[in-house]
Amino acid sequence: MSSLIHVHNSKGTESMMLEPYCATREKLRKEGMVIYDDQCYKIDNFVPHHPGGSELLKQHLGTDISFIFRAMHEDPEAIMKRRKPSRAATKKELSALSERRAEVARAMLSESSMEFPAYVKKIHKFDVNAFEQDMMQLYKSFVSKGYFVPSLAFFIQRNLILLALLSASLSLMRLFPDSFLAPGIMLGLFWHQSGYMMHDGEHHNFPGNERVNDILGWLYGTVFLGVNGAWWREEHREHHALLNTYDESGFKDPQMKEDVW
């Protein structure tokens with residue numbers, strides 16, 4: 001029996017035959033494999049130990065992770081040098097997975113282009129592999145221009161703002177002990193900025209190594225804001241890697257189902 005997926009667009013529900021993709025992915029998944037740069041790597045034993053969470057690898061078992069792996073890791077080539085491929089991916093496997101990514105991309109473009117009829121006619125020409133290569137080149141150009149280098153001046157400035165907000169809240173409480181409005185506004189702004197700083201710290205956007213950034217994220221989140229920084233970091237990694245992803249069991253993006261958000 002052929003496997004089907006239903007995609008809703010302006011023309012109604014279209015059924016796309018997915019038998020080659022499903023068979024290929026299921027075979028690779030059962031083998032505990034992912035594909036990276038046309039090579040198959042057996043990672044099923046590594047899944048529970050993945051620093052970014054096991055759910056990420058579970059969702060990507062049986063797929064070509066070349067693009068997302070580079071997008072999610074600072075030095076992907078150095079990481080992959082420590083792992084040996086099990087075998088080369090076959091042309092059939094690469095073709096099935098590549099065509100599936102192209103089908104999904106075209107379906108998404110069709111959904112978003114309904115208000116622009118001129119673009120709909122060009123969707124069939126969309127090349128997802130060329131798009132991914134262009135995006136990686138853009139990312140590399142940003143890196144080479146220093147756009148992702150942490151700014152010490154910015155870090156100091158934001159901490160001074162935090163200190164000023166907390167000082168203002170405490171001072172207003174002392175000056176006006178019977179009033180909660182002004183101190184509360186300052187304290188609310190302090191919490192707001194603490195959450196902002198936790199976000200950047202847990203994303204490792206501050207000067208220093210990952211350990212230093214994790215400690216800063218804990219300080220701004222757990223201590224200042226009252227939101228566990230480590231919990232947020234692990235969940236947010238999954239959020240970025242599985243953005244709006246869902247399967248038959250529901251949403252895989254954890255922040256799509258958290259009451260706190």
Side-chain donor or acceptor of S66 paired with backbone N/O of D37 under 3.5 Å: yes
Please check if atom NZ in K30 has more than 12 non-hydrogen atoms from other residues, nucleotides or ligands closer than 6.0 Å. no
If you look at every heavy atom in S86 and M33, which pair is closest and at what distance? CB-CE, 3.6 Å
Look at the side chain of S167 and the backbone N and O of L163, then say whether any donor-acceptor pair between them is shorter than 3.5 Å. yes
How close do R83 and K42 get, heavy atom to heavy atom, and via which atoms? NH2-O, 3.6 Å
Are the side chains of V128 and V104 in touch, meaning some heavy atoms are under 4.5 Å apart? no
Under the salt bridge (Lys or Arg N to Asp or Glu O under 4.0 Å) rule, what do K81 and E77 come out as? Steps first, then yes or no, please. CA-CA 6 Å; K81 282 181 180 179; E77 309 308 329; over 6 Å; no
Contact check, side chains of T63 and R25, non-hydrogen atoms, under 4.5 Å: yes
Check whether S110 reaches the backbone of A107 with its side chain - one donor and one acceptor, N or O, closer than 3.5 Å. no
Which atom pair, heavy atoms only, marks the closest approach of C40 to I35? SG-CG1, 3.9 Å
Aromatic ring proximity, centroids under 6.0 angstrom, Y139 and F148: yes
With side chains defined as the heavy atoms from C-beta onward, is the minimum distance between H236 and E202 less than 4.5 Å? no
What do you reckon, are the aromatic ring centroids of H73 and F69 less than 6.0 Å apart? yes
Sub-3.5 Å donor-acceptor pair from the side chain of S194 to the main-chain atoms of F190, do we have one? yes
I would like to know whether E132 and R70 meet salt bridge (Lys or Arg N to Asp or Glu O under 4.0 Å); could you show each step before the answer? CA-CA 11 Å; E132 289 176 352; R70 287 191 169 94; over 6 Å; no
Do E93 and T90 touch side chain to side chain, with heavy atoms closer than 4.5 Å? yes
Nearest heavy-atom pair of V227 and M198: which atoms, and what distance? O-SD, 4.0 Å
Taking the six-membered ring for Trp, are Y36 and Y41 parallel (under 30°), tilted (30 to 60°) or perpendicular (over 60°)? perpendicular
Which heavy atom of L187 sits nearest to which heavy atom of S169, and what is that distance? CB-OG, 3.6 Å
Check ion pair R106-E99 (N to O, under 4.0 angstrom): yes
Within the distance-only criterion (no hydrogens, no angle test), does the side chain of N205 pair as donor or acceptor with the backbone N or O of G201 below 3.5 angstrom? no
Using distance alone, with no hydrogens and no angle criterion, decide if D64 and S98 have a side-chain donor and acceptor under 3.5 Å apart. no
Gap between atom CZ of F46 and atom CG of L57 - 0.5 Å precision: 6.5 Å
Taking the side chain as every heavy atom from C-beta outward, state whether L94 and K91 have any pair of such atoms under 4.5 Å apart. no
Cut-off 3.5 Å, side chains only: do D214 and H204 have a donor facing an acceptor? yes
